[in-house]
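So the structure is just underneath, and the comments pick up after that.
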Protein chains: 2
Amino acid sequence: MAAAPKNPRPCSIADTLALVGEKYSLLVLREVCLGNGRFDQLVRNTGAPRDILTTRLRRLVDAGILDRRPYSERPPRFEYRPTRAGLELEPVLMTLMAWGDRHLHADDDRPMVIEHACGHELVPQVICPACGDTVRHEDLTAHPQAAGWTVAGPAVA
Amino acid sequence: MAAAPKNPRPCSIADTLALVGEKYSLLVLREVCLGNGRFDQLVRNTGAPRDILTTRLRRLVDAGILDRRPYSERPPRFEYRPTRAGLELEPVLMTLMAWGDRHLHADDDRPMVIEHACGHELVPQVICPACGDTVRHEDLTAHPQAAGWTVAGPAVA
DNA sequence: CCCGGTGAGTTGGAAAATCAAACCCTCTCC
DNA sequence: GGAGAGGGTTTGATTTTCCAACTCACCGGG
């Protein structure tokens with residue numbers, strides 16, 4: 001059932017998307033990171049059909065991204081929370097949000113503002129930790145480690 | 001055809017995913033950023049069925065993320081390249097790759113290494129540009145700007 | 001005891017998306 | 001003039017999604 005990797009080439013992006021790239025998965029993670037980890041909250045806040053949500057949650061729990069923990073014994077009730085690995089996906093959410101804020105909304109129309117502990121509004125930025133510089137496309141060179149890759153060199157419109 | 005947003009709540013993450021969250025879209029962007037922008041390369045490198053690829057490409061072009069430009073007049077042949085907006089999605093790919101590298105592969109088994117202009121290997125990191133600190137979940141506070149949000153406060157497993 | 005409500009799903013069938021393979025058209029090269 | 005290459009479109013079968021309804025377990029009145 002999950003035996004044919006079908007991955008045309010080895011790639012961490014594809015591997016990660018195989019876990020969280022299905023419809024609703026990242027919205028579920030968003031909600032869970034916000035602390036809204038109960039089934040009905042997730043249904044309401046993501047818009048996912050209940051059955052789909054069930055399969056997504058199972059997948060995320062199996063992948064070690066979410067943790068399903070009881071918050072009531074009788075009746076058994078569960079809440080989903082991010083694991084450490086799940087929290088480490090937050091940067092993905094941040095960069096998605098930053099792009100949407102920049103390209104899809106006016107400055108005064110952003111659906112949500114995130115405040116950083118330093119007191120400023122967070123405008124997530126990706127840097128190279130070695131030199132501290134903001135990462136720009138033209139500063140990158142790809143070095144495939146396995147066979148099957150062709151890299152034609154960067155090209156911008 | 002795109003009239004019913006169905007968005008249970010306003011959110012830049014959801015809005016961005018509506019454009020690039022379908023299967024293969026981000027893999028297409030990966031290839032295009034690497035300079036592999038021709039139809040057959042995309043078919044081979046992403047594994048997408050040709051018809052699906054066609055609809056994904058149209059969507060990305062319509063969204064202003066890719067540019068479809070002829071590289072031969074007769075016969076007409078096209079190549080897809082990232083626009084500026086498309087390039088600004090690279091941080092999303094970087095963070096996905098970083099997560100996959102960290103959680104899905106051994107250190108010596110990474111499918112691809114990216115070299116930054118500073119000479120070091122790039123290990124993408126998200127920072128707050130105001131204070132320069134690495135962004136950590138517990139330093140964030142969400143401030144919804146519109147109705148319909150409940151934020152139960154962060155919770156970690 | 002019976003009624004309504006909440007929480008967390010499961011079930012069933014219709015509607016939409018995906019897939020693989022085949023097909024098409026226009027060149028170019030031999 | 002036959003064999004590709006490139007960039008798609010068409011055709012049916014297979015999967016997924018979707019949505020509404022249903023279940024099961026409990027709680028809180030009246």
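Each chain gets a letter, A, B and so on, in the order its sequence line appears, and its residues count up from 1.
Residues A/Met97 and A/Ile114 are in side-chain contact: their nearest non-hydrogen atoms beyond the backbone lie under 4.5 Å apart.
Mapping A/Asp51 and A/Leu57 onto DNA chain C via the closest heavy atom, the residue that lands nearer the 5' end is A/Leu57. For A/Ile52 and A/Pro75, each mapped to the nucleotide of DNA chain D holding its nearest heavy atom, the one lying further toward the 5' end belongs to A/Ile52.
Between B/Lys23 and D/dT16 there is no side-chain polar atom (N or O) within less than 4.0 angstrom of OP1 or OP2. At the phosphate of D/dG8, OP1 or OP2 sits under 4.0 Å from a side-chain N or O atom of B/Arg68. Phosphate contact (OP1/OP2 of D/dC18, side-chain N/O of A/Tyr24, threshold under 4.0 Å): present. For the OP1/OP2 pair of C/dG7 and a distance below 4.0 Å, the side-chain nitrogens and oxygens of A/Tyr80 include no atom meeting the criterion. Put simply, B/Thr54 has a side-chain N or O that comes within less than 4.0 Å of OP1 or OP2 on D/dT9.
In this structure, CZ of B/Arg69 is placed 19 Å from C1' of D/dG6, rounded to the nearest angstrom. Atoms CG (A/Leu42) and C1' (C/dA8) sit 11 Å apart, rounded to a whole Å. Between the CZ atom of A/Phe78 and the C1' atom of D/dC24 there is a distance of 14 Å, rounded to whole Å. Remark: P of D/dG8 and CD of B/Glu79 are 12 Å apart, rounded to the nearest angstrom. Between the P atom of D/dC26 and the CZ atom of A/Phe39 lies a distance of 19 Å, rounded to the nearest Å. A/Arg59 has its CZ atom 18 Å from the P atom of C/dG9, to the nearest Å. Counting to the nearest Å, the P atom of C/dA8 and the CD atom of A/Gln41 are 8 Å from each other. Nucleotide D/dT17 holds its P atom 6 Å from the CD atom of A/Glu22, rounded to whole Å.
Across D/dG6, C/dG7, C/dC19, the shortest atom-to-atom separation from the side chain of B/Tyr71 is found for D/dG6. Set against D/dG7, C/dC19, C/dT18, the side chain of B/Arg56 has C/dT18 as its closest nucleotide.
Side-chain atoms of A/Thr83 come within 3.5 Å of backbone N or O of A/Ile65 as a donor-acceptor pair. Using modelled atom types, no side-chain atom of A/Glu79 and backbone atom of A/Arg77 make a donor-acceptor pair closer than 3.5 Å.
When each of B/Leu66, B/Thr55, B/Val32 is paired with B/Leu60, the side chain to side chain contact (heavy atoms under 4.5 Å, CB included) condition holds for B/Leu66 and for no other.
Under the rule for a ring-ring contact (aromatic ring centres under 6.0 Å, His included), the partners of B/His103 that lie at least two apart in sequence or sit in another chain are B/Trp99. Take A/Arg58 and apply the side-chain hydrogen bond (donor to acceptor under 3.5 Å, both in side chains) test, not counting sequence neighbours, and it matches no residue.
For A/Arg50 against C/dA8, a side-chain N or O and a base N or O form a donor-acceptor pair under 3.5 Å.
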Report all interatomic pairs (protein N or O, nucleotide N or O of nucleotides 3-6 of chain C) with separations under 3.5 Å.
none

Please walk me through it: do B/Leu53 and B/Tyr24 pass side chain to side chain contact (heavy atoms under 4.5 Å, CB included)? CA-CA 8 Å; B/Leu53 182 60; B/Tyr24 302 116; over 6 Å; no
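No more than 12 heavy atoms of other residues, nucleotides or ligands shown are found within 6.0 angstrom of NE2 on B/His120.
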